[in-house]
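Note that these values count all heavy atoms, side chains included, but never hydrogens, waters or copies made by symmetry. All values reported here derive from a predicted model rather than from experimental measurement. Below, chain A is the first sequence line, B the second, and so on; all start at residue 1.
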There are 2 protein chains.
Amino acid sequence: MESLQKAIAAISPLSDEGMSAFSQGWKHWSTTKDFVLLKENTISDYIYFIEKGVARIYYYKNGREITEWIALDGQFFLSITSFFQRTPSYLTIQTIEPSHVYGIHHDDLMKLAGEHHEIERLLRKMVTASLILSQERMDSIQFESAQQRYEKLLKTSPQIVQRVPLTYIASFLGITLETLSRIRSQR
Amino acid sequence: MESLQKAIAAISPLSDEGMSAFSQGWKHWSTTKDFVLLKENTISDYIYFIEKGVARIYYYKNGREITEWIALDGQFFLSITSFFQRTPSYLTIQTIEPSHVYGIHHDDLMKLAGEHHEIERLLRKMVTASLILSQERMDSIQFESAQQRYEKLLKTSPQIVQRVPLTYIASFLGITLETLSRIRSQR
DNA sequence: GATAAAATTTGATATTTATCAATTGCAGAC
DNA sequence: GTCTGCAATTGATAAATATCAAATTTTATC
């Protein structure tokens with residue numbers, strides 16, 4: 001809980017009252033390896049925060065798994081489209097290590113955002129940060145070579161490379177497993 | 001002004017008071033063809049709304065122009081990174097037809113969002129919609145062929161194809177002018 | 001520790017799109 | 001109307017990465 005509160009405060013500081021109201025909204029899960037938090041085709045009700053562990057978000061495209069996101073200790077994650085549009089998710093979310101995960105339900109969060117201006121602001125800032133990331137990632141996929149993307153990942157999240165199977169990393173980088181393997185071998 | 005208010009209300013309805021406070025924050029420009037709204041390397045101060053006309057957002061990558069976004073009548077647009085992070089923009093924004101454009105200054109918007117909970121909520125919804133779009137676009141660039149992306153554009157914004165030079169459309173779709181030309185000829 | 005299963009690597013070839021170069025088409029200025 | 005310059009098309013070739021098919025290495029299980 002403390003790490004969650006710290007992560008929240010780092011995005012947008014809350015008053016004691018706001019923080020305490022907000023903190024009460026979160027549930028907690030202790031998961032095993034390959035525990036499914038969200039199943040494909042269901043509406044995603046939660047924004048998650050991973051206190052310790054690794055989660056991956058993936059979907060199927062042309063019959064194969066595409067990892068859309070990998071979240072490590074201290075990060076928020078969610079199925080953006082499903083959560084905000086309240087539509088069935090094409091995404092599946094699972095923890096790929098035993099993990100500690102917090103989650104806040106959509107309805108609770110919206111209620112809190114309606115009641116507390118500062119929580120609305122926090123949410124706005126979270127979405128904005130996510131948008132900036134999304135833009136950067138798009139630029140990366142469009143203009144950087146497979147090699148450059150891998151090296152950037154090595155630099156920015158070396159932990160991912162250590163803790164996550166290469167199959168997942170490959171599709172996360174938007175390349176095939178074989179291409180990733182070749183990139184790694186020539187170093 | 002009326003079309004702007006309608007566009008705002010469609011995202012998140014405001015009280016009369018909120019709408020009137022918000023409306024006062026917007027400036028108006030009547031621009032000529034190729035009028036520059038934002039210059040590269042300056043901090044982007046405005047969120048824009050194009051009432052009538054066409055704007056394009058572009059930047060330079062490896063010595064050539066990349067069109068990042070094209071906004072037509074009734075759309076909002078901005079340099080996301082620069083506006084929210086208050087850093088110099090690598091983007092340039094210009095109207096490519098004589099246009100009517102509204103803009104609200106960053107500081108005014110933030111002040112309003114701080115004073116009016118409902119404007120904060122509106123802003124959050126705008127950013128969320130933008131995030132969802134960004135995700136869809138990323139998926140499109142990563143998995144759809146040049147052909148599919150062009151056909152989708154034809155379907156979703158046929159106006160763009162009519163009013164915007166192909167050079168701009170090509171980089172907007174993430175392909176070269178030559179590839180776009182070949183796609184068009186085989187139909 | 002032996003064995004099965006899964007993950008990763010390696011190789012040969014195919015596909016998509018980019019690049020560079022030349023040509024053609026077309027709109028505005030005079 | 002003709003000239004000039006930019007926009008678009010067409011052609012030939014190259015580059016990056018995907019695909020399919022094995023082979024090899026690593027990991028987990030009994």
Side-chain angles (χ1 to χ4, degrees), chain A residues 32-35 54 56 58-68 70 94-98 137-154 158-187, chain B residues 32-34 54 56 58-68 70 94 96-98 137-154 158-187:
Chain A
T32 57
K33 183 172 152 71
D34 296 333
F35 180 90
V54 185
R56 95 173 166 118
Y58 68 94
Y59 60 103
Y60 292 91
K61 189 101 189 181
N62 308 327
R64 56 190 77 181
E65 277 186 14
I66 306 293
T67 296
E68 164 156 315
I70 295 168
Q94 67 174 188
T95 52
I96 59 172
E97 281 182 8
R137 189 139 178 255
M138 185 157 62
D139 188 86
S140 169
I141 283 175
Q142 197 169 2
F143 296 110
E144 290 171 12
S145 66
Q147 168 115 261
Q148 289 174 308
R149 275 176 274 160
Y150 177 67
E151 309 218 312
K152 190 191 261 182
L153 184 72
L154 267 185
Q159 297 206 48
I160 288 187
V161 184
Q162 283 155 18
R163 290 161 70 180
V164 178
L166 294 179
T167 326
Y168 300 162
I169 293 176
S171 65
F172 179 53
L173 290 173
I175 59 182
T176 58
L177 175 61
E178 292 92 330
T179 298
L180 178 58
S181 176
R182 285 183 245 269
I183 287 169
R184 283 162 56 88
S185 73
Q186 63 183 91
R187 295 163 48 91
Chain B
T32 56
K33 184 171 150 74
D34 297 333
V54 185
R56 92 172 167 121
Y58 69 94
Y59 60 103
Y60 291 91
K61 188 100 187 183
N62 308 326
R64 56 188 77 181
E65 277 186 12
I66 306 294
T67 297
E68 163 156 316
I70 295 169
Q94 65 172 190
I96 60 172
E97 281 182 9
R137 189 137 179 254
M138 184 157 62
D139 189 85
S140 169
I141 283 174
Q142 196 169 0
F143 297 109
E144 290 171 11
S145 66
Q147 168 115 260
Q148 288 174 310
R149 275 175 273 159
Y150 177 68
E151 311 218 312
K152 191 192 261 182
L153 184 72
L154 266 184
Q159 297 208 46
I160 287 186
V161 183
Q162 282 155 18
R163 290 161 70 179
V164 178
L166 294 179
T167 327
Y168 301 162
I169 293 176
S171 66
F172 178 55
L173 291 173
I175 59 182
T176 58
L177 174 61
E178 292 92 330
T179 298
L180 177 58
S181 176
R182 284 184 247 270
I183 287 168
R184 283 162 57 88
S185 72
Q186 62 181 95
R187 293 164 49 89

query: What's the closest nucleotide to the L177(B) side chain, out of dA8(D), dT9(C), dT10(D)?
result: dA8(D)

- line: Per atom distances to the T167(B) side chain, the nearest of dA8(D), dT10(C), dT17(D) is dA8(D)

message: Once hydrogens and angles are ignored, does a donor-acceptor distance under 3.5 Å link the base of dT19(C) to the side chain of R182(B)?
response: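 Between dT19(C) and R182(B), which were checked side chain against base, a qualifying N/O pair under 3.5 Å is present.
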
Rounded off to whole Å, could you give me the [atom1]-to-[atom2] distance for the [X] and [N] pair?
X	N	atom1	atom2	value
K61(A)	dA18(D)	NZ	P	15 Å
E144(A)	dA15(D)	CD	P	21 Å
Q142(A)	dA16(D)	CD	C1'	16 Å
R184(A)	dT26(D)	CZ	C1'	13 Å
I96(A)	dT27(D)	CD1	C1'	16 Å
I175(A)	dT15(C)	CD1	C1'	18 Å
Q162(A)	dT8(C)	CD	C1'	18 Å
E178(B)	dA12(D)	CD	C1'	13 Å

query: For S140(B) and R149(B), does a side-chain donor sit closer than 3.5 Å to a side-chain acceptor?
result: no

query: Reckon L180(B) touches a base, only the sugar-phosphate, or nothing at all at heavy-atom distances under 4.0 Å?
result: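 Answer is nothing: L180(B) stays at 4.0 Å or more from every strand.
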
query: Touch check for T176(B), heavy atoms < 4.0 angstrom, all strands: base, sugar-phosphate only, or nothing?
result: base

- request: Evaluate whether atom NZ of K61(B) has more than 12 neighbouring non-hydrogen atoms of other residues, nucleotides or ligands under 6.0 angstrom away.
  value: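 Enclosed: over 12 neighbouring heavy atoms sit under 6.0 Å from NZ of K61(B).
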
- line: Taken in chain and number order and not counting sequence neighbours, the residues that satisfy ring pair (Phe, Tyr, Trp, His ring centres under 6.0 Å) with Y59(B) are Y90(B)

- prompt: Any salt bridge between R56(B) and E65(B), counting N to O under 4.0 Å?
  reply: yes

Note, I175(A) side chain near Y150(A) side chain (heavy atom, < 4.5 Å):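 Contact flag for I175(A)/Y150(A) side chains = no.
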
- request: Would you indicate, yes or no, if dT16(C) has its OP1 or OP2 atom less than 4.0 angstrom from a side-chain nitrogen or oxygen of T179(B)?
  value: no

